[in-house]
Engineer: 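Handing you a structure now.
These numbers come from a predicted model, not from an experiment.
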Amino acid sequence: MLLSQLLGERYKEKPSDATLASYIYLLRGGYIRQVANGIFSLLPPAKRASQKIEKIIREEMDRVGGQEVLFPVVLPADLWQESGRFESVGSELLRFKDRFGRDMLLGMTHEEAAVHLARSEAKSYLKYPFMIYQIQTKFRDEPRPRAGLIRVREFTMKDAYSFHTSQEDLLRYYDIVHDAYVRIFERVGMKNVISIKSDSGMMGGQTAHEFMYLSDGGEDSIVLCDHCGYKANMEVAACTLPPVGGAEQPIEEVHTPGADTIEALCEVLGVRPEQTMKATVFTREDNGQPLLIFIRGDLQVNEAKVKKLLGTDIYPLTDYENVDLCFGYLGAYQLKADGVQVLFDQSLKGETNLACGANRPDYHLKGISVPRDLPDAQFHDLAKVNEGALCPECGRPLRISRGIEVGNIFQLGTKYTKSMNMTYTDENGKLQTPIMGCYGIGVGRLLACIIEDNHDDYGPIWPKSVAPWSVHICALNNSVEEIRTTARELYDRLSPKYDTLLDDRDAAPGVQFADADLLGAPVRVIVSKRNLANGEVEIVTRDKSVQKKVKVAEAEAAVAELLAE
């Protein structure tokens with residue numbers, strides 16, 4: 001490729017709305033251009049890198065027995081009505097009517113399409129197990145697109161679906177795909193990706209893992225134990241909390257005017273937040289019923305855990321007037337809450353000598369003992385993990401990191417096959433419901449995270465496996481015939497073997513080097529008048545770890561050696 005013919009301008013200035021390195025360099029380097037909020041066009045450099053990422057993904061999916069298919073982007077609503085997701089998924093799902101008035105949608109994920117295909121093609125146990133996958137455009141009407149390709153509305157994704165006749169076989173294959181994902185992230189040059197337990201969310205199923213790229217710019221919280229290796233997404237992370245209540249005390253009512261927050265209460269009573277019981281009120285989405293959760297005062301409710309427990313979304317209560325509760329002074333002791341569902345977080349189990357609301361304005365209670373005063377309470381894990389809480393497996397302090405999800409795998413069970421009436425005939429002639437797994441990787445997000453994991457102050461440092469071009473030849477002072485001829489001869493020798501880019505413009509050295517940094521080829525060959533005077537060219541790696549001069553006749557071998565390393 002000749003740089004003079006490459007479509008896409010490169011810019012020196014940092015975009016005003018970009019903060020993550022990947023977004024900055026994708027814009028500055030001429031990789032992407034925004035079409036609408038969360039929707040981008042890919043220019044040749046990004047498209048070339050994406051194709052190489054997809055090639056690696058295909059190779060690893062084929063290696064574990066995957067069969068590539070292609071589902072439609074536009075799907076009829078009745079498939080999602082069969083699974084129940086047409087109504088249950090929110091406004092992220094783009095619904096519309098076609099010219100005949102039929103309800104349609106743009107696929108944001110393809111479990112329903114996979115079952116629709118498989119149930120007509122796999123009616124005998126002899127077809128099982130099998131896995132189908134696609135690399136396809138999807139649309140999710142994301143409310144807050146951000147950070148370039150990290151969170152978008154339209155995206156390319158590899159999604160795979162496996163079908164099994166037993167849970168044991170799903171578990172076996174789940175581990176096989178997990179290992180394939182590890183290989184994929186290694187092959188594309190990601191150095192800081194970990195696998196963690198996660199919540200299955202709207203996908204359903206019981207077991208799920210996310211592959212997280214550890215990054216301070218990530219929007220997901222990850223709970224880690226550096227001692228035993230425990231790893232989990234904040235949505236499912238557990239911890240151990242040492243008791244803090246102390247010896248049981250008699251209940252005492254205290255006048256606390258204006259102390260309607262935990263901070264104010266602690267100041268008035270001279271206690272720490274962990275010595276209090278806090279009330280948080282939500283509304284259930286399915287029936288509109290108020291939901292009251294009691295939790296230790298230093299903790300926050302983990303809404304993902306509550307949603308999983310209840311099987312419905314929840315959101316903060318806003319209709320205070322129609323709920324007969326003493327907001328700001330709520331307490332679990334002698335609570336009268338008709339029509340309100342009450343849950344207790346396990347952080348309160350066994351606790352004594354706590355302070356909580358007295359269920360009347362400007363009053364709190366001291367000395368609450370949960371075993372003594374709330375004997376009928378049932379406890380659930382509903383809290384977010386705090387930094388420094390104790391690991392549930394080894395008891396050492398936990399730390400919280402940030403990350404970006406680059407892949408996920410789910411054990412779906414029969415959530416979709418049962419609701420969509422997919423069956424097969426077993427070896428005894430009986431109809432059975434197959435068990436599913438699903439496995440996703442976002443190609444565009446992975447491309448952006450590769451840059452996040454491989455860059456310096458000047459641009460991307462592309463790993464060889466996914467670099468748009470492996471070799472970048474800079475012809476300094478291209479108007480000089482010897483330079484122009486030598487650079488072109490090198491290009492003709494290298495381009496049949498490697499993806500090679502030749503800067504054939506008559507641009508200043510600083511401009512050529514800045515563009516080369518933004519395009520990020522692993523190996524750069526510099527042809528200049530000074531070096532040619534000695535019969536040499538300069539070879540530099542993009543990460544600046546290698547910088548050497550070689551004879552022109554030896555340049556091809558030197559490039560081959562560096563790329564092999």
Side-chain angles (χ1 to χ4, degrees), residues 34-42 67-123 132-146 149 151-161 163 200-205 283-289 307 310-315 318 408 410 412-424 431 433-434 436 438 440 442-445:
Q34 183 167 309
V35 177
N37 193 22
I39 301 174
F40 293 88
S41 291
L42 301 187
Q67 302 179 61
E68 187 169 4
V69 298
L70 188 64
F71 301 122
V73 177
V74 177
L75 297 167
D78 56 9
L79 286 183
W80 281 58
Q81 288 167 344
E82 284 186 56
S83 70
R85 287 205 296 179
F86 189 72
E87 293 79 18
S88 65
V89 174
S91 56
E92 294 87 355
L93 180 65
L94 186 60
R95 305 163 173 86
F96 63 97
K97 291 184 181 293
D98 66 12
R99 67 171 61 203
F100 304 106
R102 292 178 296 210
D103 288 323
M104 309 291 286
L105 59 92
L106 290 185
M108 57 191 292
T109 181
H110 279 76
E111 283 75 15
E112 288 83 358
V115 172
H116 175 266
L117 176 66
R119 69 185 175 186
S120 65
E121 308 301 325
K123 297 184 177 181
I132 53 179
Y133 76 94
Q134 65 167 349
I135 298 177
Q136 174 64 293
T137 300
K138 299 178 184 292
F139 188 87
R140 176 188 177 102
D141 205 2
E142 178 66 41
R144 292 177 298 277
R146 60 178 290 272
L149 300 183
R151 183 167 291 281
V152 293
R153 296 163 70 204
E154 182 181 286
F155 54 96
T156 298
M157 185 173 180
K158 186 283 300 177
D159 49 322
Y161 307 93
F163 296 81
S200 57
M202 74 168 193
M203 306 301 293
T283 301
R284 293 179 58 124
E285 185 181 64
D286 56 353
N287 58 20
Q289 180 183 8
K307 292 175 186 177
L310 300 179
T312 182
D313 281 344
I314 61 171
Y315 48 89
T318 56
N408 50 53
F410 301 89
L412 296 177
T414 59
K415 172 179 171 63
Y416 296 94
T417 52
K418 187 174 182 179
S419 64
M420 297 182 69
N421 297 314
M422 178 180 176
T423 60
Y424 67 92
L431 292 179
T433 301
M436 281 182 72
C438 76
V443 175
R445 178 179 289 191

Engineer: Does a salt bridge link Glu87 with Arg95, judged by any charged N lying under 4.0 Å from a carboxylate O?
Structural biologist: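 So Glu87 does not pair with Arg95 through a salt bridge.
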Engineer: Just to verify, what does Glu142 make a salt bridge (Lys or Arg N to Asp or Glu O under 4.0 Å) with, not counting sequence neighbours?
Structural biologist: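 Expected list: Arg140, Arg151.
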Engineer: Is the terminal nitrogen or CZ of Arg153 (NZ for Lys, CZ for Arg) located under 6.0 angstrom from the six-membered ring centre of Phe139 and within 45° of that ring's axis?
Structural biologist: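 Output no; distance or angle outside limits.
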Engineer: Salt bridge check, Lys97 against Asp103: does any charged N sit closer than 4.0 Å to a carboxylate O?
Structural biologist: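 A salt bridge is present here (some side-chain N lies under 4.0 Å from a carboxylate O).
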Engineer: Any idea which heavy atoms bring Lys415 and Ser419 closest together, and the distance?
Structural biologist: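 Of all heavy-atom pairs spanning Lys415 and Ser419, the closest is O-OG, 3.0 Å.
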Engineer: Is it true that a side-chain atom of Thr417 and a backbone atom of Pro434 form a donor plus acceptor pair closer than 3.5 Å?
Structural biologist: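 Checked: pair present.
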Engineer: When you measure from the side chain of Arg119 to the backbone of Met420, do you find a donor-acceptor pair of N or O atoms at a distance under 3.5 Å?
Structural biologist: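 Between the backbone of Met420 and the side chain of Arg119 there is a qualifying donor-acceptor contact (under 3.5 Å).
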Engineer: Test of understanding: with side-chain contact (heavy atoms from CB on, under 4.5 Å), list the residues that count as partners of Lys418, not counting sequence neighbours.
Structural biologist: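 For Lys418 the side-chain contact (heavy atoms from CB on, under 4.5 Å) partners, ignoring immediate neighbours, are Thr414, Thr433.
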Engineer: When rounded to the nearest 0.5 angstrom, what distance separates CD1 in Ile132 from OH in Tyr161?
Structural biologist: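 One finds 8.5 Å between CD1 of Ile132 and OH of Tyr161.
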Engineer: Quick one: pull up CE in Met108 and CZ in Arg85 and give me the separation to the nearest 0.5 Å.
Structural biologist: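 One finds 7.5 Å between CE of Met108 and CZ of Arg85.
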Engineer: Distance check, rounded to the nearest 0.5 Å: Glu111 atom CD versus Trp80 atom CH2?
Structural biologist: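 Answer for the CD-CH2 pair, Glu111 versus Trp80, is 7.0 Å.
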Engineer: Do the non-hydrogen side-chain atoms of Ile135 and Lys158 ever get within less than 4.5 Å of each other?
Structural biologist: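 Answer yes - side chains close enough.
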Engineer: Identify whether the distance between the nearest side-chain nitrogen and carboxylate oxygen of Asp78 and Arg102 falls below 4.0 Å.
Structural biologist: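 The answer is no: the pair does not qualify as a salt bridge.
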Engineer: Taking only residues two or more places apart in sequence or in another chain, which ones pass ring-ring contact (aromatic ring centres under 6.0 Å, His included) with Phe163?
Structural biologist: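 In terms of ring-ring contact (aromatic ring centres under 6.0 Å, His included), with neighbours along the sequence ignored, Phe163 is linked to Phe130.
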Engineer: Find the distance between CD1 (Ile39) and CZ (Phe155) and round it off to the nearest 0.5 Å.
Structural biologist: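 Between atom CD1 of Ile39 and atom CZ of Phe155 there are 11.5 Å.
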